[in-house]
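Worksheet for the structure shown next.
Values in this document were obtained by computation on a predicted structure and should not be read as measured data. To find a chain, count down the sequence lines: A is the first, B the second, and so on, and within it residues start at 1. The analysis underlying the following values was restricted to heavy atoms, covering all of them including side chains, and did not include hydrogens, waters or symmetry mates.
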There are 2 protein chains.
Amino acid sequence: MTLSAKEMLRQSLLNQMARGELIPGASLPSERSLAAEFQMSRNAVREVIQGLQQEGWIQVRQGGASRCLNRLQSHLEKHQPREISLAYQLDVMEARAFLEGETAYYCALRASDQELAALAKEYKAMQGRRKGQSTLLKAKADLTFHMMIAEASHHLLLISYSQLFYERYFNAIHEVLSTTLKRYGRYPDGISQQHEKIYHAIQSRQPDQARLEATEHILYTRRLLETS
Amino acid sequence: MTLSAKEMLRQSLLNQMARGELIPGASLPSERSLAAEFQMSRNAVREVIQGLQQEGWIQVRQGGASRCLNRLQSHLEKHQPREISLAYQLDVMEARAFLEGETAYYCALRASDQELAALAKEYKAMQGRRKGQSTLLKAKADLTFHMMIAEASHHLLLISYSQLFYERYFNAIHEVLSTTLKRYGRYPDGISQQHEKIYHAIQSRQPDQARLEATEHILYTRRLLETS
DNA sequence: CAGTCCTAACTGGTCTTACCAAATGAGGCA
DNA sequence: TGCCTCATTTGGTAAGACCAGTTAGGACTG
């Protein structure tokens, strides 16, 4: 069975999204470049693009590049309570412990050498500025570290979930860190130690170990949230 | 709010289908003629057409005209038993009594003068060849009469349902007529009398009366089925 | 006269080229 | 440093040509 040019382009884009090569929020190549790459007319490319848009995969707007959408967004919006209570946050953290473990697992398994190098660079930067930094920047660095792991997992579901989680609970995370900082005068040793363990498990490509450490890390922060 | 040309075309087609001007199975105008009529390029027309196709409104195939689809088809296929028992047929006929009544009602209300004239022509042809005809042709004529009423109702749901019903139960209808013919030597007077009443109620544009007669007609044939 | 076959005219599918309109980002300016 | 401007880039639309199936009508045959 030979696929038509349109079907090949469509499958190519869907595959890239499934493989996490085109993650939610990323820009698609322009219609003109896709037409050139797949040796087809811009008309045909446009019809494929519009099809994907109609199915909720991508968003297209005049003047700007088409962007991949996070398909979990509408689903989560429907199932989220209006008011985010502490109990709800604790529930979310419990689920997140599992998902973060899977994320670290697939990252250790699938990350490219290039991505591991980028992760190493980011990790060392985090270490270098560990002291004398605002909690806001600290929280942002924490987020970046976790998102890099998520993206390197090349797992569409995990990437989508991580994006939504960090976007939604960033303020809550920041709050927990601030409270902890005020209480103890500095961040608990646990966090940086756990980061180190996760980092090393990933760098040495030990998926199971990475899952273990990541899960424990989230459960630790969950306990912080519980007592804050 | 000014709609874009594409949105206008889309709404126009959807409206024509909702109004029963473009009934399931009917051909859409060609892309070129639509482009000329709405003063837009064929590209834009094609994108609208493809959108409607993706939503299951129409079917398009190279070389032939695009056709409206019967959107009840897939739904009914899912909810239909594998084996069509007599009890099931009787249930269907009960629902049909209501739907046929609505059909006659809207036909009397909405049919154009042209459609009434066509119905008159068909009815007289039926009268003229009432005798000495095979049950097969008789059943086909019966079907044509009812379908003309359904189409003149300009009610998408009623048209869709009628199409599927007659396509699906034509053999059963034929069977009932044959059995009745063999038993009594001729068709019972009821049927042609009822057809006449329906016909006159419609021609004189009496919706409520047409509904009454049509409902009674179906319940009459339902009793025939019950005792056959 | 009926039936069959074939062709011309449609239909949708694709490509090319050109231009318009909106977003973007780099460079210059305050 | 921050803001603003404008050329570039991106999607949106148009027009014309050609390809590839379908269809209907006319010619031909029995």
Side-chain angles (χ1 to χ4, degrees), chain A residues 1-14 16-17 21-70 134 136-137 140, chain B residues 1-14 16-17 21-71 134 136-137:
Chain A
M1 177 62 190
T2 306
L3 294 176
S4 68
K6 280 167 70 173
E7 194 56 31
M8 284 190 61
L9 170 57
R10 177 185 159 80
Q11 291 304 327
S12 170
L13 292 174
L14 286 174
Q16 285 181 64
M17 290 190 275
E21 294 162 25
L22 270 176
I23 67 176
S27 292
L28 261 68
S30 72
E31 296 176 350
R32 288 171 177 84
S33 63
L34 285 175
E37 181 182 352
F38 286 81
Q39 301 195 60
M40 51 200 290
S41 72
R42 229 187 107 199
N43 280 339
V45 172
R46 279 182 60 77
E47 289 178 2
V48 172
I49 296 281
Q50 300 235 339
L52 292 174
Q53 178 191 26
Q54 197 158 353
E55 293 171 32
W57 284 104
I58 60 180
Q59 172 212 15
V60 6
R61 66 194 215 281
Q62 185 172 0
S66 300
R67 291 184 176 281
C68 299
L69 291 177
N70 192 320
S134 74
L136 184 64
L137 288 179
K140 282 186 178 174
Chain B
M1 176 62 192
T2 305
L3 294 176
S4 67
K6 280 168 69 173
E7 194 56 31
M8 284 190 60
L9 170 57
R10 179 185 157 79
Q11 292 303 327
S12 170
L13 292 174
L14 286 174
Q16 285 182 65
M17 290 189 275
E21 295 162 24
L22 270 176
I23 67 175
S27 292
L28 263 68
S30 72
E31 297 176 350
R32 288 171 177 83
S33 65
L34 285 175
E37 181 183 353
F38 286 81
Q39 301 195 63
M40 52 200 290
S41 72
R42 232 188 103 198
N43 281 339
V45 172
R46 278 182 61 77
E47 288 178 3
V48 172
I49 297 281
Q50 299 235 339
L52 293 175
Q53 178 192 27
Q54 198 158 352
E55 293 171 30
W57 285 105
I58 61 179
Q59 173 211 15
V60 4
R61 66 189 213 285
Q62 184 172 359
S66 300
R67 291 183 175 281
C68 299
L69 290 177
N70 191 319
R71 289 171 67 84
S134 75
L136 185 62
L137 288 179

Checklist entry - For the atom pair CD (Gln50(A)) and NZ (Lys6(B)), what is the distance rounded to the nearest 0.5 Å? => result 4.5 Å

Checklist entry - With a 4.5 Å heavy-atom cut-off, do Ser12(A) and Met8(A) have their side chains touching? => result no

Checklist entry - What one-letter contact string describes nucleotides 6-17 of chain C from 5' to 3', where B marks a base within less than 4.0 Å of any protein heavy atom, S marks contact via sugar-phosphate atoms alone, and - marks no contact? => result -----BBBBBB-

Next on the checklist: Nearest whole Å is fine: how far is dT22(D) P from Gln59(B) CD?
Outcome noted: 12 Å

Checklist entry - About how many Å separate CG of Leu52(B) and CD of Gln59(B), when rounded to the nearest 0.5 Å? => result 13.5 Å

Item to check | Gln54(A): partners by side chain to side chain donor-acceptor pair (under 3.5 Å), with sequence neighbours left out | outcome: Glu55(B)

Short N/O separations, protein against nucleotides 3-7 of chain D, under 3.5 angstrom:
none

Checklist entry - CD of Gln53(B) to CZ of Arg46(B): how many Å apart, nearest 0.5 Å? => result 9.5 Å

Next on the checklist: Return the CG to CH2 distance between Leu28(B) and Trp57(B), rounded to the nearest 0.5 Å.
Outcome noted: 12.0 Å

Checklist entry - Does the pair Leu34(A) and Glu31(A) meet the rule for a side-chain contact (heavy atoms from CB on, under 4.5 Å), with working shown? => result CA-CA 5 Å; Leu34(A) 285 175; Glu31(A) 296 176 350; 5.8 Å; no

Checklist entry - Roughly how far, to the nearest 0.5 Å, is CD1 of Ile58(B) from OG of Ser27(B)? => result 11.0 Å

